[in-house]
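Residue numbering restarts at 1 for every chain, and letters A, B, ... go by the order of the sequence lines. Nothing here was measured: the structure is a model prediction, and the numbers come from that model.
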2 protein chains.
Amino acid sequence: MVTALENDPDYRQLLRDAGLRVTPQRASIVTILSETDDHPNVEDLYEKARALDDTVSVATVYRTMSVLENAGLVRKLVMDDAPARYEMTPPTDHDHLVDVDSGDLVEIPGTEIAELMGRVAAELGYQIVSHHTVIRARKT
Amino acid sequence: MVTALENDPDYRQLLRDAGLRVTPQRASIVTILSETDDHPNVEDLYEKARALDDTVSVATVYRTMSVLENAGLVRKLVMDDAPARYEMTPPTDHDHLVDVDSGDLVEIPGTEIAELMGRVAAELGYQIVSHHTVIRARKT
DNA sequence: CATGTAAATGCGAATTATTCGCAGATGTCA
DNA sequence: TGACATCTGCGAATAATTCGCATTTACATG
């Protein structure tokens, strides 16, 4: 069930804090993205957003995701052979594992990976902006 | 300088061992990929392959990379916002770091990351098929 | 609240990377 | 030396994403 937009001042504020205008389209998209547990691609978002607000266009979904990614509110997950998926930037970092047989996307909990990467980047004289790991694996 | 194809039975054997036919196009492409230190995309490969053998077509470069990737001879590096790049599957594993300012692609040496991922995947009941990490970072 | 203005939107066309279909060429193996 | 499955080039087709532009709209300011 999707919460009525009027009851979600949170997301509106999130947008404002990022210096972005709060449009109904953006509100719908962010609401959907916040309330889902999976990692939708643009098509998913477009369809669900349309159900809330039938003025949303695909182009706007793309533009919104780009803008949100830039603002650091959203993370883009680039897949090997499928359209990109998105998730709200998670409070606790995690990486992803794709089940090559079923296509499932599993979150890898914990910060071990992130910590190691930070250390490794530091050794090379770099500071991490973002990192993205996708493991392709098969159930044992 | 590019070594004459006739002097590179290595790559030809590599293809045969993978059950693939050795065509001049594939030989050119594999030679180029083996002798380069950077991580070319299809366009790079196409241009360089043309210099060796002007019958090579883009479609064949794509097909060859796909076939080589499937055979595990080549690794595809999926970038966020640019065409995929390729490298020969390295004897010692490594991951990649993109300098967000210059666009440079730096190899991360060592097996620490790979080991950690193997462990983490195992904990989730999976066995790694491949993993791919791209760190986006900025010089400190 | 009226309103000027930059920012955002929808639409469809354009781009970009990649794949496909097919007819002809060519490795490989008997 | 065939036979034939595999490859190839070509150009057309797809799929994902971006762009151009005319119109609308959020929102700061008076």
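- Between the CG atom of A:D80 and the P atom of D:dA15 there is a distance of 19 Å, rounded to whole Å.
- The structure places CG of B:L52 at 4.5 Å from CD1 of B:I32, a figure rounded to the nearest 0.5 Å.
- Atoms CG (B:L15) and P (D:dT6) sit 16 Å apart, rounded to a whole Å.
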Residue pair A:Y126, B:D99: steps toward the side chain to side chain donor-acceptor pair (under 3.5 Å) verdict: CA-CA 8 Å; A:Y126 282 89; B:D99 185 317; 3.2 Å; yes
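- Between A:M79 atom CE and D:dA15 atom C1' the separation is 17 Å, expressed in whole Å.
- Remark: A:T64 OG1 to A:E69 CD distance equals 12.5 Å, nearest 0.5 Å.
- Between B:E112 and A:V120 there is a side-chain heavy-atom pair separated by less than 4.5 Å.
- Counting all heavy atoms, side chain and backbone alike, B:V78 lies closest to B:V134 at O-CG2, 4.3 Å.
- Taking every heavy atom of residues 54-65 of chain A and every atom of DNA chain D, pairs under 4.0 Å involve A:A59, A:Y62, A:R63, by number.
- Considering A:L14, A:V30, A:L15 in turn, A:L15 is the only one that fulfils the side-chain contact (heavy atoms from CB on, under 4.5 Å) rule with A:L20.
- Of all nucleotides in DNA chain C having an atom under 4.0 Å from a heavy atom of chain B, the first and last in 5' to 3' order are C:dA17 to C:dT28.
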B:K76/A:D80 under side chain to side chain contact (heavy atoms under 4.5 Å, CB included): CA gap, chis, key distance, verdict: CA-CA 8 Å; B:K76 181 179 184 179; A:D80 241 47; 4.3 Å; yes
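- Rounded to the nearest 0.5 Å, atoms CD1 (A:I108) and NE2 (A:H96) are 8.0 Å apart.
- How far CG of B:L68 is from CZ of B:R75: 14.0 Å, rounded to the nearest 0.5 Å.
- One distance of note links CG of B:L45 with CZ of B:R85; it measures 11.5 Å at 0.5 Å rounding.
- With rounding to whole Å, A:N41 atom CG is found 8 Å from D:dT17 atom P.
- In this structure, A:T89 contributes its side chain and A:L73 its backbone to a donor-acceptor pair below 3.5 Å.
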Please tabulate, one pair per line, each protein N/O and nucleotide N/O from nucleotides 25-28 of chain D that are separated by under 3.5 Å, including the distance.
from: D:dA26; atom 1: N3; to: A:R21; atom 2: NH1; distance (Å): 3.3
from: D:dC27; atom 1: OP1; to: A:V22; atom 2: N; distance (Å): 3.1

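- One atom, CZ of A:R85, and another, C1' of D:dT17, lie 18 Å apart when rounded to the nearest Å.
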